[in-house]
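Report on the following structure.
In what follows, every chain begins at residue 1, and chains take the letters A, B, ... in the order their sequences are listed.
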Number of protein chains: 2
Amino acid sequence: MIAQPKPRPGKRINDPEGMRKKVLDVAEDAFQARGYHASSIGDLMAAAGVSGGALHHHFPTKKALALAVIDERVAAAVEETWIAPVLAAASAREGVRAVFEAVAAQLEQQGFVRGCPLNNLAHELSLADPDFRIALAGIFAGWRRAIADKLHADQQVGKDEGTDPERFAALTVAAYSGAMSMAKATQDAGVLRDCLAGLERSAPSPSQGALAARRRNRILPRPGTP
Amino acid sequence: MIAQPKPRPGKRINDPEGMRKKVLDVAEDAFQARGYHASSIGDLMAAAGVSGGALHHHFPTKKALALAVIDERVAAAVEETWIAPVLAAASAREGVRAVFEAVAAQLEQQGFVRGCPLNNLAHELSLADPDFRIALAGIFAGWRRAIADKLHADQQVGKDEGTDPERFAALTVAAYSGAMSMAKATQDAGVLRDCLAGLERSAPSPSQGALAARRRNRILPRPGTP
DNA sequence: TTGACAAAACAGGACAACCGGTCTGTTTTA
DNA sequence: TAAAACAGACCGGTTGTCCTGTTTTGTCAA
């Protein structure tokens, strides 16, 4: 007999939080791999091992599920992959460089590119529903704000003056988003390095210790796809 | 009686090319506005006023229709919006600037943003099917090549040396793609101008006549949505 | 502690609408 | 007169949602 968690016939254990998390896990993965419309709730139920009634109890509609994925998972992915590393870096430019390189390295090691979760959903859902659009736009805004604030903090210490923080943040987010789009289409992460190199041409930096902030990134979910 | 084109009951005129064009028109528009999966062939038939048999005669499957849209329409849009204006400009940098500004201006005048057709479909279809991915990657490649070649030609005349053409092209395409992604999510084309400004910081340009190449762009299709 | 009881959590089937594709048949055209 | 072009019905499968039950769990008086 295989030792499964709790396949006992006569007993059942209610685990609302665990079940909700399990559904969000598979939904996040499916939306990232196949997109929103191409992921049926039947697929999600099967992948998560959740009954229709249970899923409907936690997420009344598919839209509600997607909104939860956006608010809780996509936002967290941006926070973990971009905002936290940039804030922890020695400077904004250094943080941006570290993230670009870390993501490129992981993608190359991984061997395939599924794209940026935020941009993937943004393209598919921004025009589909105002609620989707507002949620996604908010994540973009937070992303840009974090970078702009970091650069502004740098300038308070005399670093990197002469660069407009808002423009720098916009260009950084755009370059990364577009690079991931191309990387996904070409299945080649090299374009990330090209864009980073082009981006750093505009740096007035003299020279700084190149201590790469080694942080795990989370643009691409679980490597093991069962 | 309303004067319709040809609603005569007893007569019919075969117009293969016209019917094919009509289908591609509505498909291009629907894919841009709602995406591939959200556009049913029933919707397309109704919008184009085409029977199921006719549509199936020209495009046996939905995938075949999408591939035709990509090869004939999306590629043409990139050519018209980006490649031709850049090639016609005084320099690569000048062409890039002109396109960014022209697109931003049109979007602001239009009042809403539907995004870049290439990136819209790239995000939704790149992982869905290898044929889609290859077709889309090819358009990206042509786009980058045109910009890189233009910059290389500039350098043959001594202009803008010290800039790597491939990297410049990659960054330009990425910045535009990402900016359009954000513009779509925020429904605000201002980010295009922010990115352009950030992009031009890396220019070693002394000064050149700012003759804006005024060309119609075609990122967003027909303004009138019936 | 117990027992009652309402709410939450979960199971699983039912259903109408819709999807994309196919099929047969008719009309036009080379 | 055969092939191309078009019309329109048809079908099996899928979609998202709802619905009716059943089980578990928390609560609170006794």
Please report the distance, rounded to the nearest Å, between [atom1] in [X] and [atom2] in [N].
X       : N      : atom1 : atom2 : answer
B/Leu44 : C/dG21 : CG    : C1'   : 14 Å
B/Lys63 : C/dC19 : NZ    : C1'   : 18 Å
B/Met19 : C/dT27 : CE    : C1'   : 13 Å
A/Leu55 : D/dT17 : CG    : P     : 10 Å
B/His58 : D/dA5  : NE2   : P     : 6 Å
A/Lys22 : C/dA9  : NZ    : C1'   : 13 Å
B/Tyr36 : C/dG20 : OH    : P     : 8 Å
A/Asp15 : C/dA11 : CG    : P     : 11 Å

When you measure from the side chain of [X] to the backbone of [Y], do you find a donor-acceptor pair of N or O atoms at a distance under 3.5 Å?
X        : Y        : answer
B/Ser181 : B/Ser177 : no
A/Glu101 : A/Arg193 : no
A/Asn120 : A/Arg114 : yes
B/Lys184 : A/Leu127 : no
B/Gln187 : B/Val113 : yes

Row check, B/Tyr36 ring normal vs B/Lys62 NZ/CZ: under 6.0 Å, within 45°:
yes

Is the gap between the ring centers of A/His123 and B/His123 under 6.0 Å?
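Yes, ring centres under 6.0 Å apart.
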
Which protein N or O atoms sit under 3.5 Å from an N or O of nucleotides 3-8 of chain C?
none

Could you list, one pair per line, each protein nitrogen or oxygen that sits under 3.5 Å from a nitrogen or oxygen of nucleotides 11-15 of chain D, together with the distance?
{"residue": "D/dT15", "atom": "OP1", "partner": "A/Ser40", "partner atom": "OG", "Å": "3.4"}

In residues 136-147 of chain A, what donor-acceptor pairs under 3.5 Å come from side-chain atoms, sequence neighbours left out?
{"residue": "A/Arg145", "atom": "NH1", "partner": "A/Asp149", "partner atom": "OD1", "Å": "2.9"}
{"residue": "A/Arg145", "atom": "NH2", "partner": "A/Glu166", "partner atom": "OE1", "Å": "3.0"}
{"residue": "A/Arg145", "atom": "NH2", "partner": "A/Glu166", "partner atom": "OE2", "Å": "3.4"}

Using a strict 4.0 Å threshold on nitrogen-to-oxygen distance, state whether A/Lys21 and A/Asp15 make a salt bridge.
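No, A/Lys21 and A/Asp15 are not salt-bridged.
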
Side-chain N,O (A/His56) to OP1/OP2 (D/dC18) below 4.0 Å:
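Result: yes.
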
